[in-house]
Number of protein chains: 4
Amino acid sequence: MSVTPPPSRLRSLKAVLPSSAVPDGTRRRILEAALQLFASRGFHGASIRDLATALELRPSALYAHFPSKEHVLAELVRMGHEAHHEGLRTALLGAGSEPIEQLRALVRAHTLLHANHPQLAVVVNEEIHVLPPELAAPSLALREQSAALLHAVIERGRAQGVFSVPHAGVTAAAISTLGLRLPYWYEPSAALDVDMLADLHVELSLRMLGVQGPPAPVS
Amino acid sequence: MSVTPPPSRLRSLKAVLPSSAVPDGTRRRILEAALQLFASRGFHGASIRDLATALELRPSALYAHFPSKEHVLAELVRMGHEAHHEGLRTALLGAGSEPIEQLRALVRAHTLLHANHPQLAVVVNEEIHVLPPELAAPSLALREQSAALLHAVIERGRAQGVFSVPHAGVTAAAISTLGLRLPYWYEPSAALDVDMLADLHVELSLRMLGVQGPPAPVS
Amino acid sequence: MSVTPPPSRLRSLKAVLPSSAVPDGTRRRILEAALQLFASRGFHGASIRDLATALELRPSALYAHFPSKEHVLAELVRMGHEAHHEGLRTALLGAGSEPIEQLRALVRAHTLLHANHPQLAVVVNEEIHVLPPELAAPSLALREQSAALLHAVIERGRAQGVFSVPHAGVTAAAISTLGLRLPYWYEPSAALDVDMLADLHVELSLRMLGVQGPPAPVS
Amino acid sequence: MSVTPPPSRLRSLKAVLPSSAVPDGTRRRILEAALQLFASRGFHGASIRDLATALELRPSALYAHFPSKEHVLAELVRMGHEAHHEGLRTALLGAGSEPIEQLRALVRAHTLLHANHPQLAVVVNEEIHVLPPELAAPSLALREQSAALLHAVIERGRAQGVFSVPHAGVTAAAISTLGLRLPYWYEPSAALDVDMLADLHVELSLRMLGVQGPPAPVS
DNA sequence: GATGAATGAGTGTTCATTCAT
DNA sequence: CATGAATGAACACTCATTCAT
C-alpha cells in the first residue's frame with residue numbers, strides 16, 4: 001500500500017568507506033550500500049531485500065560474501081572503529097609533545113572523521129548495540145583505547161598546569177560528544193567547511209579546558 | 001526459542017514518564033513499557049509482542065488503547081518534546097533578564113531533563129526518524145522552538161558583549177549536544193549526582209561562550 | 001515446473017490419531033494433517049506451507065497452536081509412544097500370569113497398534129531422529145519401558161521353561177520387528193484382516209520362542 | 001551458525017560401499033560421503049552443501065560427477081539393491097537343492113548384508129521413496145526379484161512338506177523384516193558377531209517355518 | 001575437474017494488525 | 001477491555017543448481 005519512501009535519519013549522501021583496506025568488488029559494494037541503508041534507516045529498519053535491491057542483486061547472493069546480516073554490520077562497525085582509532089593515533093604521532101598541540105590534533109582528527117564519514121559515525125554509534133557481544137567486543141575494545149588517548153592528553157595537560165578543568169571525565173565526554181552529534185546537523189558548505197568546523201571545535205575544546213585562545217573573530 | 005536476552009543500548013532502569021498528564025491505567029502502563037523497550041532495543045527491534053509480553057497482555061489488547069505501534073512511539077516522542085520545551089521555558093521564566101543567568105537556567109534544565117529521563121531522551125532523539133512526517137511534525141516544531149530559545153539567549157549575550165564566541169551556531173550545537181549523549185555514559189552516583197553534573201555543564205557552556213567562571217576546583 | 005505429485009512412502013489413508021486426549025479443534029486438525037504429511041513424505045519433505053495448504057490455513061496461523069514445526073512432530077511422536085506403551089500395558093494387565101498368555105497379549109496389541117495406525121508407526125520410528133534430544137527424550141524413555149515389558153515376559157517364560165530360545169535379545173528384537181515394518185506392506189483386506197494378522201504374528205512369535213502351536217492351517 | 005551437531009539416526013561408522021564396481025576417485029568419494037549423510041540425516045536432511053563440506057569440495061564441483069542430488073541417491077539405491085540381489089542369488093547358487101539349505105543360505109546372506117552395510121540398508125529402505133518413479137523403477141524391480149527368491153524357496157519347502165506355515169506371505173515378510181531393522185539396534189561385538197547373528201536369524205526363520213532346529217543353547 | 005559468484009524458488013518463522021466473541 | 005484465532009506481508013536465510021572462468 002505504502003508508496004511513500006521510508007523515513008530516513010540522514011540525508012542520502014553517497015556513503016564512503018574510510019578504508020582502502022577493502023578491495024573493490026561485490027564485497028565492497030555490499031558494505032557501501034549497507035552503510036548507506038543502516039545509517040539512514042537503522043539496522044532493523046533496512047532489510048536484506050532492501051540491501052539486495054539497492055545492489056541490483058538477489059538476496060541470496062549476499063550470503064556468498066557475508067554469513068549473515070549481522071556480520072555485515074559487524075564489519076562496518078569494526079572498520080569505523082579502526083579508522084577512528086587509527087586517525088586519532090596518527091594525529092597524535094604528528095603532534096609533538098605539548099598537551100595543547102596534542103589536544104588540537106585529537107579534536108581536529110575526531111571532528112574530521114565524523115564530518116567526512118557521517119554515515120559511518122551514525123552506524124558505529126547507534127547500531128553497535130544490536131550486535132551480539134562477541135561481534136561487538138573488538139570494536140568496544142578499540143573504543144576504550146581511543147577514549148584513553150584523549151584522557152591521557154587531558155591528564156598530562158592538567159599535570160603540567162596548562163589545562164584547568166573542573167571535572168576531567170565530564171570534560172572529556174563533552175569534547176568527544178562534539179563530534180558524535182555532527183552527522184545529525186552538519187553539512188559541509190562554503191560558509192562552514194570541515195576545516196573551519198575542526199578549528200571551531202578545537203577552539204571550543206581549549207576553552208573548556210581553560211586555555212585562553214586568540215581573540216574570537218566576529219561570527 | 002532464543003534464550004539469550006536481546007542486546008540493549010541502555011541499562012534497564014525503570015523507565016519514568018516525565019509528565020503527570022497521563023492518567024494512571026493501562027494506557028500509561030503501555031507508554032512506560034514501550035518507553036523502556038524502544039529505548040533499549042529501538043522501535044524496530046521491539047515488537048508489539050515484546051511489548052504485550054512485558055505488560056502481561058495479549059498483543060491485540062494494545063489496540064484498544066493505541067491505533068498502531070507508530071502511534072505509541074509518536075505519543076512518547078510528543079511527550080518528550082513537550083516536557084523538554086516546557087522545562088526550558090519554565091527555567092527561562094524564573095531566570096531574570098541577564099543572559100548569563102538565562103543560559104545557566106537553560107543548560108541546567110537541559111541537563112537535568114536528559115539525566116533524569118535517559119530513556120525518553122534516547123527515544124526522542126534516535127527513533128523520531130521512523131515516524132511518518134505527519135506524526136513527527138508537532139515534535140519537530142517544538143524542537144525548533146527549544147533551539148530558538150538557546151539561540152536567542154546566546155545572541156542577546158553577544159549583543160550585550162557578555163558572550164564572546166567564534167561561531168554562534170556551532171557553539172549552540174555544542175551546548176545542546178552536552179545533554180544529548182548523556183544517556184549513553186552517565187549514571188547518577190554520589191560522586192557525580194545530577195546536580196553536580198548540571199553545574200559542570202553550565203560551567204563548560206559558559207567557558208565556550210567566553211565567560212570567565214570562578215577558579216576551577218581541583219578535579 | 002514440476003506438476004507431478006511428490007513421492008510418498010505410504011498410501012494416503014486418512015490419518016487417525018490413536019488418542020482421544022486431543023480435543024477437537026484446530027490443534028487436532030493440525031496434528032492429523034501433519035501425521036498424514038510426515039508419514040508420507042517425511043518431516044523434511046513436508047513443509048509448513050504444505051501443512052497449511054492441506055489445512056486451508058495460512059502458515060502463520062499454525063504458530064498460534066505450536067511454537068515450531070519440530071514441536072508438531074514432537075507431539076505426534078509423544079502421542080505415538082504413549083498410545084503404544086499404554087496399549088501394551090493394558091494388554092498385559094488383562095492377560096493373567098501365564099507367560100504364553102502374556103506374550104500373546106503383547107504381540108497382539110503390538111500388531112494391532114501398528115496395523116491400525118500405520119502413519120503414526122512410521123512417523124514415530126522414522127522421524128524421531130530429527131528431534132533435538134530434549135524433545136525426543138520423553139518418547140525414548142517410554143520406548144525403553146515398552147521394550148522392557150516384552151523382555152520381562154520372555155525372561156519369565158524362559159525361567160519357567162515354557163520358552164526355549166537361543167538368544168533372548170535377538171528374539172525379542174525379531175518379535176518387535178514383526179510390527180515395525182507392517183506399514184510398508186500391509187493393508188487390511190477381507191483375506192487378511194487385522195485380527196488374522198495379529199493371530200499370525202502371535203503364532204510366529206511363539207514358534208520363535210520354541211512353543212509348539214496348534215497345527216498350522218493351510219495358507 | 002549452528003554449533004550443535006544435527007541429530008542422526010545411525011552411529012557414524014565409516015560408510016562402506018558393498019561393491020568394487022565403483023572405481024576409486026572423486027565419484028566414489030562422493031558416493032561414500034553421501035551414503036554416510038543420507039543414512040544419518042536422511043536425503044532431505046542432508047544438503048548438497050553438507051555433502052560438499054564433508055568432501056572438502058565446493059558444491060558446484062559435485063555436478064561434474066552427478067547431474068543432480070537425486071541421481072546420487074538413485075545410484076546408491078541401485079547399488080544397494082544390486083548388491084542385495086546379487087548376494088542372495090550367489091548364496092542360493094551355492095546351496096544345493098534342499099529347501100532348508102536354500103533358506104539357510106538366503107537368510108544368512110540377507111542378514112550379513114544388512115549387518116555389514118547398515119547405512120546402505122537404511123538408505124535403500126527409507127529413502128527410495130523420494131526418488132521419482134523412473135529412477136526408482138530398476139531398484140523396485142530388483143526388489144521384487146529378491147522377494148521372489150524367498151517366496152519360491154518357501155513354496156518349494158511347503159510343497160515338499162518340510163515347511164509348515166500358517167500363512168506364506170506373512171511368514172516371508174517376517175523373515176525379510178528380520179534383516180531390515182538391524183541397522184537400528186545391532187552393532188557387531190565379540191559377544192554377538194555377524195556370524196552368530198546370521199545363525200540366530202537362520203534358526204528363528206526355520207522355527208517360523210515349522211522346522212525343528214537343534215536344541216537351543218542356553219542364552 | 002574445480003571454483004566463485006550468482007540465481008530463483010522455497011525454508012521456517014515473525015511481523016503488525018483485525019475481528020468475532 | 002481483553003482474548004484467541006487468524007491474516008497477509010515480510011523477515012533472514014538455505015536450497016539445488018548454473019555458468020563463466
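Proteins come first, then strands; the chains are lettered A, B, ... in the order of their sequence lines, and each starts at number 1. Hydrogens, waters and symmetry mates are skipped; everything else that's a heavy atom, side chains included, is used.
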For the pair made of [atom1] in [X] and [atom2] in [N], what is the distance, rounded to whole Å?
{"X": "R41(B)", "N": "dT14(E)", "atom1": "CZ", "atom2": "P", "result": "14 Å"}
{"X": "L73(C)", "N": "dG12(E)", "atom1": "CG", "atom2": "C1'", "result": "14 Å"}
{"X": "D50(C)", "N": "dT13(E)", "atom1": "CG", "atom2": "P", "result": "14 Å"}
{"X": "L51(D)", "N": "dC15(F)", "atom1": "CG", "atom2": "P", "result": "12 Å"}

Checklist entry - So, N125(D) side chain and A121(D) main chain: donor-acceptor pair closer than 3.5 Å or not? => result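 Yes, because the side chain of N125(D) sits within donor-acceptor range (under 3.5 Å) of the backbone of A121(D).
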
Next on the checklist: Under a 3.5 Å distance rule, please check whether R78(B) uses its side chain to pair with a backbone N or O of P138(B) as donor and acceptor.
Outcome noted: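 Judged by distance alone, no pair lies under 3.5 Å.
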
Item to check | Closest-nucleotide 5' rank along DNA chain E - winner of E56(A) and H44(B) | outcome: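 Taking each residue's closest nucleotide, the earlier one in sequence belongs to E56(A).
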
Item to check | 5' priority, DNA chain E, between A46(B) and T26(A) [closest heavy atom] | outcome: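 It is T26(A), whose closest nucleotide lies nearer the 5' terminus.
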
Item to check | Presence of donor-acceptor pair under 3.5 Å, side chain of R49(C) and base of dG12(E) | outcome: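 Per atom types, the contact qualifies.
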
Checklist entry - For the base of dG8(F), is there a side-chain donor-acceptor partner from S60(C) under 3.5 Å away? => result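 Donor-acceptor pair under 3.5 Å: yes.
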
Checklist entry - Would you say R58(A) reaches dA6(E)'s phosphate, i.e. side-chain N/O to OP1/OP2 under 4.0 Å? => result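 The answer is no; no side-chain N or O of R58(A) sits under 4.0 Å from OP1 or OP2.
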
Checklist entry - Below 4.0 angstrom from OP1 or OP2 of dC15(F), is there any side-chain N or O of S47(D)? => result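 Looking at the OP1 and OP2 atoms of dC15(F), one of them is under 4.0 Å from a side-chain N or O of S47(D).
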
Item to check | Sub-4.0 Å heavy-atom contacts from residues 61-72 of chain D onto DNA chain F, ordered by number | outcome: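 The stretch gives Y63(D), S68(D), K69(D) as the residues lying under 4.0 Å from the strand, ordered by number.
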
Checklist entry - For I48(C), which contact category applies under a 4.0 Å heavy-atom criterion: base, sugar-phosphate, or nothing? => result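 Here I48(C) touches the bases of the nucleic acid.
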
Nearest 0.5 Å, please: how far is [atom2] in [Y] from [atom1] in [X]?
{"X": "H71(A)", "Y": "L76(A)", "atom1": "NE2", "atom2": "CG", "value": "13.0 Å"}
{"X": "L57(D)", "Y": "R49(D)", "atom1": "CG", "atom2": "CZ", "value": "14.0 Å"}
{"X": "F43(B)", "Y": "L37(B)", "atom1": "CZ", "atom2": "CG", "value": "12.0 Å"}

Checklist entry - If you pin P59(A) and R29(C) to their nearest nucleotides in DNA chain F, which one's is more 5'? => result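 Closer to the 5' end of DNA chain F: R29(C).
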
Checklist entry - Which heavy atom in G80(A) sits nearest to a heavy atom in L120(A), and how many Å separate them? => result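 Heavy-atom minimum between the residues: CA-CD2, 3.5 Å.
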
Checklist entry - Across all strands shown, which nucleotide pairs with dT7(F) by Watson-Crick or G-U wobble geometry, both distances under 3.5 Å? => result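 Result: dA16(E).
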
Checklist entry - Is there a Watson-Crick or G-U wobble partner for dT21(E) with both distances under 3.5 Å, and which nucleotide is it? => result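 Across all strands, the one nucleotide that pairs with dT21(E) is dA2(F).
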
Checklist entry - Have D50(C) and T53(C) got a donor and an acceptor in their side chains that come within less than 3.5 Å? => result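 Their side chains do not contain a donor-acceptor pair, so the 3.5 Å distance test is not met.
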
Next on the checklist: Measuring from the side chain of L57(A) (C-beta onward, heavy atoms only), which nucleotide among dT3(F), dT7(E), dA2(E) has the closest atom?
Outcome noted: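 My answer, after comparing the listed nucleotides, is dT7(E).
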
